[in-house]
Amino acid sequence: MPEKKLTANEIGLLWTQYIQNSMAVPVLEYLKNTCEDEKVKPLIQLSRDLADKGIDTCRAFFQEACLPVPNGFSLEDLNPRAKKLFTDAFILSFLEHMGKVGLTSDGYSLGASANSDVRAFFTDRIDQQDKLYNLSVRAALEKGIYTRAPQIEVLNETEYIESKAYYHPFHKRSLNTIEITHIYENVKNNALGEVVCQAFGQTSKNKTVKKYMRRGKRISIDHRICLSDILENSGITVPMTSASLLTTSTDPVFSDRLMMYMISVLISAGQGNYVNGAAVSLRYDIVYHYHKLMLQAAVYGKDGLDIMIENGWFEEPPQAPDRQRLIQ
């Protein structure tokens with residue numbers, strides 16, 4: 001059994017795990033029911049098993065520590081009769097993205113935890129996320145739908161930076177491989193966000209949510225174009241998949257609450273990626289672009305939070321006591 005006392009870090013991380021894993025359950029249930037590719041179905045099941053185990057383990061931690069179990073999401077947030085919305089190519093891409101994001105978030109969670117049982121939980125999750133990611137990439141490569149990063153020629157000798165012009169915003173040298181990595185991954189992430197916003201916008205019947213998703217799609221496109229232009233201005237082609245990712249179905253699939261929360265998760269992950277990209281970029285014009293994109297994403301995320309609060313959709317994370325209020 002887990003140790004009873006949990007730190008603030010561990011409570012927050014386990015709460016987030018519970019909410020996000022419960023959100024994944026109806027999504028994966030729908031993907032499983034609508035997937036037609038027999039080689040992709042086992043990957044969906046692997047991801048579903050990971051989500052179910054995450055929910056059960058987090059619930060046990062909360063109960064043992066006498067903490068309230070979050071409400072989260074359930075199969076009630078899914079319309080089981082909805083027609084196929086996502087193509088199998090998108091499902092595979094989505095699973096790859098889930099594995100990649102899971103590796104990052106679970107790695108951070110492990111490093112922020114002290115409780116031995118909690119650390120064991122996140123260590124096991126990292127192993128499973130690693131398996132999901134590698135299997136998803138392997139399947140996409142075999143099917144010829146995996147989009148590889150750009151390939152470039154690299155000088156066959158070691159060099160050192162000779163002047164401050166290397167990072168000057170008006171001296172736009174060619175991109176280094178570290179900058180290319182982050183820019184390209186952010187291009188891919190925005191392409192995925194564009195598809196998700198389109199999918200949610202065409203299936204929601206709530207006018208406010210539809211408008212928010214249309215705006216999200218436009219932002220994703222603008223961000224993708226901005227980052228792609230940086231690559232192309234250095235003579236680097238941006239490879240993207242040509243696979244069809246969505247059907248034309250307009251059947252409601254998920255609850256508006258689930259869709260809005262998933263977008264908030266994607267925004268949060270995207271902002272983290274922008275921060276990392278800005279931190280390692282050595283051209284100030286690229287850093288400027290990242291900061292501009294971060295601000296746009298933050299405003300969009302805040303507006304989404306307002307919509308969720310107005311509709312009673314946002315479950316409050318565990319909070320420390322307000323000592324100032326108690327003393328009044």
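Atom set for the values below is all heavy atoms of this structure, side chains included, hydrogens, waters and symmetry mates excluded.
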Heavy-atom check, side chain of [X] versus side chain of [Y], under 4.5 Å:
X: C197; Y: R214; value: no
X: L175; Y: I286; value: yes
X: T34; Y: F86; value: no
X: E185; Y: K100; value: yes

At their closest point, which heavy atom of [X] faces which heavy atom of [Y], and how far apart are they?
X: Y184; Y: R148; result: OH-O, 3.2 Å
X: S174; Y: R283; result: C-NH1, 4.4 Å
X: P252; Y: N79; result: O-ND2, 2.8 Å
X: L31; Y: F94; result: CD1-CD2, 3.9 Å
X: S136; Y: L92; result: O-CD1, 3.8 Å

For [X], salt bridge (Lys or Arg N to Asp or Glu O under 4.0 Å) partners two or more places apart:
X: E29; result: K32, R48
X: K53; result: D124
X: D127; result: none
X: D88; result: K84

Side chain to side chain donor-acceptor pair (under 3.5 Å) between N134 and D130, worked out: CA-CA 6 Å; N134 279 296; D130 174 79; 3.2 Å; yes
Stepwise side-chain contact (heavy atoms from CB on, under 4.5 Å) test for L192 and S93: CA-CA 8 Å; L192 182 138; S93 176; 4.3 Å; yes
Is the side chain of [X] donor-acceptor paired with the backbone N or O of [Y] at a distance under 3.5 Å, no angle test?
X: D77; Y: S74; value: yes
X: E194; Y: R218; value: no
X: T181; Y: T177; value: yes
X: T203; Y: A199; value: yes
X: S228; Y: I225; value: no
X: S204; Y: N206; value: yes
X: S22; Y: F73; value: yes
X: R224; Y: V187; value: no
X: K210; Y: G201; value: yes
X: Q202; Y: S249; value: yes

CA sep, side-chain torsions, deciding dist, call: I44, C35, side-chain contact (heavy atoms from CB on, under 4.5 Å): CA-CA 9 Å; I44 300 174; C35 181; 3.7 Å; yes
Derivation and outcome, side-chain contact (heavy atoms from CB on, under 4.5 Å), residues M294 and H289: CA-CA 9 Å; M294 275 188 275; H289 282 298; over 6 Å; no
Working for salt bridge (charged side-chain N to carboxylate O under 4.0 Å, His left out), residues K5 and E64: CA-CA 9 Å; K5 197 68 175 176; E64 183 67 14; over 6 Å; no
R173, CZ: over 12 other non-hydrogen atoms inside 6.0 angstrom: yes
CD1 (I178) with more than 12 external heavy atoms under 6.0 Å: no
If you measure from the Lys or Arg side-chain nitrogens to the Asp or Glu carboxylate oxygens, is any gap between [X] and [Y] under 4.0 Å?
X: K39; Y: E142; result: no
X: E96; Y: K188; result: yes
X: K302; Y: D306; result: yes
X: R81; Y: D251; result: no

CA sep, side-chain torsions, deciding dist, call: R125, Q17, side chain to side chain donor-acceptor pair (under 3.5 Å): CA-CA 11 Å; R125 284 190 63 84; Q17 281 287 330; 3.1 Å; yes
Quick check on the hydrophobic clustering: are [X] and [Y] connected, directly or via other members, by side-chain heavy-atom contacts under 4.5 Å?
X: Y274; Y: I221; result: no
X: V25; Y: V101; result: no
X: I126; Y: L50; result: no
X: L75; Y: L258; result: yes
X: I230; Y: I152; result: yes

Residue pairs involving residues 98-131 (criterion ring-ring contact (aromatic ring centres under 6.0 Å, His included); sequence neighbours excluded): none
Non-neighbouring partners of [X] that pass side-chain hydrogen bond (donor to acceptor under 3.5 Å, both in side chains), sequence neighbours left out:
X: K83; answer: none
X: K205; answer: none
X: T7; answer: E10
X: R119; answer: none

Residue pair Y300, Y212: steps toward the ring pair (Phe, Tyr, Trp, His ring centres under 6.0 Å) verdict: CA-CA 9 Å; Y300 180 62; Y212 186 73; 4.1 Å; yes
Stepwise side chain to side chain donor-acceptor pair (under 3.5 Å) check, Q128 with D106: CA-CA 10 Å; Q128 294 303 308; D106 290 336; over 6 Å; no
Cationic tip of R59 above Y18 ring, under 6.0 Å, 45° of axis: no
Aromatic plane relationship, Y30 with F254 - under 30° parallel, 30 to 60° tilted, over 60° perpendicular: perpendicular
Apart from [X] itself, what residues make up its hydrophobic cluster, given side-chain heavy atom links below 4.5 Å?
X: Y288; result: none
X: V299; result: L295
X: Y160; result: none

Ring pair (Phe, Tyr, Trp, His ring centres under 6.0 Å) assessment of F314 paired with Y261: CA-CA 8 Å; F314 194 80; Y261 184 78; 7.0 Å; no
Test side-chain contact (heavy atoms from CB on, under 4.5 Å) applied to E310 and T208, step by step: CA-CA 11 Å; E310 288 168 5; T208 301; over 6 Å; no
